[in-house]
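Notes to accompany the following structure.
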Amino acid sequence: MKKILVLYYSQTGQLTRIIDNLLKPVRRIPEVSVVLEELQPEPPYPFPWSAYRFCDVFPESVAGTPCKLRPPVCDLDDDYDLIILAYTVWYLAPSIPVNAFLHTPEAGRLFRNRPVVTVIGCRNMWLLAQERVKRIIADLGGRLTGNIVFTDRTNNLIGVLTIAAWMLTGRKERFLKVFPLPGISEEDIEAAQRFGTPLASSLAGEAFALDQGLLNDLGALRVKPSLLIMEKRVSKVFDIWSRFIRLKGGPGAASRRKRVRAFMVYLIAAVVLLAPLASVAAAVLKVLKREKIRAEVEYFSQNALR
Ligand SMILES: Cc1cc2nc3c(=O)[nH]c(=O)nc-3n(C[C@H](O)[C@H](O)[C@H](O)COP(=O)(O)O)c2cc1C
């Protein structure tokens, strides 16, 4: 009997549905058992978000500051053959609850010498979050063997607007009735099943082996040069804002309200004014630094660390 442990955190259930579909082919195999562990922040994060709370989680997301989690329900000391870590991205970083789990002593015991597959469900910017996750898994002694990424299909600017409307209203509908539906498309969520088959066959052998190249052939991930350039730029600005706000206090502190609000204004301005400019700058850089960018795309399409 082979055992898979799936660790996940999903607010709207979008990522949960992706995992459910992905695991369908695995669940058909009687020799494989699947244990699901939903990470539960204590207290829970709100959904829908108020604009303020949405921005107040920014500094700690970027800084990688853990939140409190409820004790896990499953037995983390069981002998798992594979760990699937399914996470969403908050401000270019793994969501706070997932990051919090990765910093627990239990995670240290759990990941050591075990194969890990990451499943990401986010808007479209996951590269730097995965870099952090790669590093943590390596530090914990785990072996990252696969990465499967699901993103919104719409363009960056429209995606920001539609996801913000969804997160702030809690309603997954077409913003102003003219924009596309927010989030990962139903077809993509349904088609997550195609990854279950290679996952299941990798479990059949003695040692778990999964080929990222094969997953990539199935469309597991796509590194877009323009988003890669944008993420790298934005993350530098995010680091500065995060430090600037944290100097005034921790999550929810009244003393940092002004700075959180200033960040909110920056975020709106960045989306409306800077994002289109950044897209143009990225298009120019793509031409000027073609070779370097090609090497970067290759790097982010695989699981080893630099
Ligand atoms: C506070 C917050 C910040 C987010 N930041 C990003 C981001 O930087 N990049 C991205 O691609 N998606 C971002 N998202 C979207 C999430 O990754 C995810 O797609 C969305 O929250 C739905 O996931 P879930 O309902 O399965 O939790 C953010 C969402 C939240 C709530």
Just distance, no hydrogens or angles: give the donor-acceptor pairs under 3.5 Å from side chains in residues 217-230, sequence neighbours left out.
none

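Considering CD1 of I148 and CG of L22, their distance stands at 5.0 Å, rounded to 0.5 Å. The CD1 atom of I184 sits 7.5 Å away from atom CD1 of I163, with the distance rounded to the nearest 0.5 Å. A distance of 8.5 Å separates CG of L110 from OG1 of T104, quoted to the nearest 0.5 Å. How far CG of N21 is from CG of D188: 11.0 Å, rounded to the nearest 0.5 Å. Considering CG of D75 and CD of E106, their distance stands at 11.0 Å, rounded to 0.5 Å. To the nearest 0.5 Å, atom OH of residue Y8 and atom CD1 of residue I18 are 13.0 Å apart.
Under the 4.5 Å side-chain criterion, counting only non-hydrogen atoms from C-beta, T145 is in contact with V117. A heavy-atom distance below 4.5 Å is not found between the side chains of P48 and T169. Under the 4.5 Å side-chain criterion, counting only non-hydrogen atoms from C-beta, W166 is in contact with F47. No side-chain heavy atom of Y87 sits under 4.5 Å from any side-chain heavy atom of W126. The closest side-chain heavy-atom distance from V119 to F150 is below 4.5 Å. Using a 4.5 Å heavy-atom threshold, the side chains of S242 and F263 count as separate. Between I83 and K3, the closest side-chain pair of non-hydrogen atoms is not below 4.5 Å. Counting heavy atoms from C-beta outward, R109 and D77 have side chains that approach closer than 4.5 Å.
Salt-bridge formation is not detected for the pair E131/R306: no Lys NZ or Arg NE/NH1/NH2 atom is positioned less than 4.0 Å from an Asp or Glu carboxylate oxygen. Ionic pairing of E186 and R17 is present here: one or more N-O contacts between side-chain nitrogen and carboxylate oxygen are shorter than 4.0 angstrom.
Remark: F244 engages W241 in a ring pair (Phe, Tyr, Trp, His ring centres under 6.0 Å) (not counting sequence neighbours).
Panel note: side chain N124, backbone D152; no donor-acceptor pair is recorded below 3.5 Å. Judged purely by atom type and a 3.5 angstrom limit, E231 uses its side chain to pair as donor or acceptor with the backbone of L128. No side-chain donor-acceptor contact under 3.5 Å links T151 to the backbone of C122.
Residues in residues 46-62 take part in these salt bridge (Lys or Arg N to Asp or Glu O under 4.0 Å) pairs, two or more places apart or across chains: D56-R256, E60-R256. Within the structure, every pair that satisfies the salt bridge (Lys or Arg N to Asp or Glu O under 4.0 Å) test and touches residues 165-181, not counting sequence neighbours, is listed here: R171-E173. Applying the salt bridge (Lys or Arg N to Asp or Glu O under 4.0 Å) test to every pair with at least one member in residues 110-124, sequence neighbours left out, gives these pairs: D79-R114. For the salt bridge (Lys or Arg N to Asp or Glu O under 4.0 Å) condition, the pairs that include at least one residue of residues 31-50, sequence neighbours left out, are E42-R70.
The 12-atom threshold is not exceeded at NZ of K258, counting heavy atoms of other residues, nucleotides or ligands nearer than 6.0 Å. Heavy atoms of other residues, nucleotides or ligands lying less than 6.0 angstrom from NZ of K24 number more than 12.
Between Y9 and F101, the ring centre distance reaches or exceeds 6.0 Å.
Between N99 and the choices L39, T65, I136, V133, the side chain to side chain contact (heavy atoms under 4.5 Å, CB included) rule is met once, by I136.
Relative to the ring axis of Y299, K134 places its NZ or CZ within 45° and under 6.0 Å from the centre. Cation-pi geometry between R257 and Y52 is met: the NZ or CZ atom falls under 6.0 Å from the ring centre, inside 45° of the normal.
When hydrophobic clusters are built by joining Ile, Leu, Val, Met, Phe, Trp and Tyr residues whose side-chain heavy atoms come closer than 4.5 Å, directly or via intermediates, I158 is not grouped with V89. Linking ILVMFWY residues whenever their side-chain heavy atoms come closer than 4.5 Å, directly or via other members, leaves M167 and L161 in distinct clusters.
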As a quick check of understanding, evaluate side-chain contact (heavy atoms from CB on, under 4.5 Å) for I4 and S33, giving each step before the final call.
CA-CA 6 Å; I4 304 181; S33 75; over 6 Å; no
Walk me through whether S301 and Q212 qualify under side-chain hydrogen bond (donor to acceptor under 3.5 Å, both in side chains).
CA-CA 8 Å; S301 304; Q212 184 67 45; over 6 Å; no
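Nearest heavy atoms, L215 versus N147: CD1-N, 4.2 Å.
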